Amino acid sequence: HTDPHTFYLRKCLALAERSPPRPTNFRVGAILVSRKTDHHDPKKETGDITDDRILSSGYTMELAGNTHAEQCCLANLAAVHGIPDDRVAEILPYEVGRKLVMYVTMEPCGRRLSGNTPCVQRIVATRNSSSSNGDGDGDGFKRLGIEKVYFGVKEPGTFVGQSEGCKILTEAGIEWELVSGLEREILQVAVAGHENRDEEIRAALGTDVDDISVE
Ligand SMILES: Nc1nc(=O)c(N)c(NC[C@H](O)[C@H](O)[C@H](O)COP(=O)(O)O)[nH]1
Ligand SMILES: [Zn+2]
């Protein structure tokens, strides 16, 4: 019986395996979940996932262009509601007794070599939209958006060196948690399109084991 976080990260890993291997990015999978919270503490998750609702999912390059898993996950949800992906915050559910969490195989990016909007910015943006109550006097309530991110590995230094994602999430008041146990599997999928993937995995695992078989 695996814990709920490993259960979801394995689902994200299966999504990541659908991503076309490229030397210029990582293959990542993401799932957005609405989770029941403890009725005494709106931050606390009950640990019981039977009431979870999977709102959306995405994987690297699922959508046209140079897209990231988290970006596709949010864009897919926006598309379901027929609005542009930069307005996805407006349609995210905001319910008493529930909170939104995102599972991603890899730490959301804080910087992208392409210069495209990093995923942490897209995640933080889900918290900034205030929903008007329709009377236009701007006294809407602040939607909480995505409150926590669970991921299975920190971003390797391959493209941007020391990753910034977690720091930016913390600064924005978004909790995050590194769920260990799947590092090797996540990295092997993530770097499948890279030339020196064995070396990359060794460096990322911080070990010098020689028995890393990429396949
Ligand atoms: N969390 C995450 N999800 C992804 O789907 C993905 N591809 C990355 N990858 C992070 C890496 O830092 C960037 O892929 C490079 O910085 C190149 O940037 P572009 O992807 O071309 O914008 N990270
Ligand atoms: Zn990203």
Side-chain angles (χ1 to χ4, degrees), residues 5 8-33 56-79 85-86 88-89 100-127 145-146 148-172 174-180 182-197 199-201 203-205 214:
H5 304 322
Y8 278 106
L9 285 176
R10 282 207 175 284
K11 284 167 111 50
C12 291
L13 194 53
L15 286 165
E17 288 180 317
R18 294 163 63 174
S19 174
R22 290 281 185 287
T24 50
N25 66 20
F26 296 115
R27 298 163 79 216
V28 178
I31 296 175
L32 182 65
V33 174
S56 188
S57 65
Y59 56 86
T60 310
M61 293 186 77
E62 175 185 10
L63 298 177
N66 179 3
T67 53
H68 281 193
E70 307 90 316
Q71 173 182 1
C72 293
C73 181
L74 293 172
N76 285 331
L77 188 55
D85 58 348
D86 58 352
V88 67
L100 297 180
V101 302
M102 182 178 269
Y103 284 92
V104 204
T105 50
M106 183 179 290
E107 172 190 13
C109 61
R111 191 163 74 78
R112 296 173 57 164
L113 287 186
S114 67
N116 292 347
T117 307
C119 298
V120 284
Q121 275 182 40
R122 297 168 193 270
I123 292 169
V124 171
T126 66
R127 290 170 67 75
I146 294 169
K148 183 162 186 178
V149 180
Y150 291 95
F151 53 87
V153 282
K154 295 276 286 170
E155 177 176 355
T158 315
F159 300 109
V160 295
Q162 182 55 39
S163 63
E164 300 281 310
C166 300
K167 209 156 64 73
I168 300 168
L169 289 174
T170 301
E171 283 158 8
I174 296 176
E175 291 181 279
W176 53 269
E177 183 175 330
L178 174 56
V179 179
S180 60
L182 296 175
E183 290 85 350
R184 187 186 304 268
E185 289 177 76
I186 289 173
L187 288 166
Q188 283 173 341
V189 169
V191 305
H194 296 188
E195 275 302 301
N196 57 352
R197 48 185 177 264
E199 181 43 45
E200 257 190 286
I201 295 173
L205 288 177
V214 182

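FYI, the numbering just counts along the sequence from 1. First listed ligand is number 1; within each ligand, the first listed atom is number 1. Keep in mind that what you see is a predicted model, and the values were worked out from it rather than measured.
The shortest side-chain heavy-atom distance between T117 and R122 falls under the 4.5 Å cut-off. Using a 4.5 Å heavy-atom threshold, the side chains of R27 and Y59 count as separate.
Ring planes of F26 and H194: tilted class, angle from 30 to 60°.
In this structure, ligand 1 sits under 4.0 Å from heavy atoms belonging to T24, N25, F26, V28, T60, N66, H68, A69, E70, M106, E107, P108, C109, R111, R112, L113, S114, E155, F159, V160.
Put simply, CD on E70 and CE on M102 are 6.5 Å apart, with the number rounded to the nearest 0.5 Å.
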Exercise. Please report the C-alpha distance between E62 and R18 in whole Å, then the side-chain angles of each, then the deciding distance to 0.1 Å, and finally whether the salt bridge (charged side-chain N to carboxylate O under 4.0 Å, His left out) criterion is met.
Key: CA-CA 8 Å; E62 175 185 10; R18 294 163 63 174; 5.6 Å; no

Practice problem: Please assess F151 against T105 for the test side chain to side chain contact (heavy atoms under 4.5 Å, CB included), listing each intermediate value before the final yes or no. | Solution: CA-CA 5 Å; F151 53 87; T105 50; over 6 Å; no

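Its N, O or S atom nearest to the Zn ion (ligand 2) is what matters here, and for H68 that atom is ND1.
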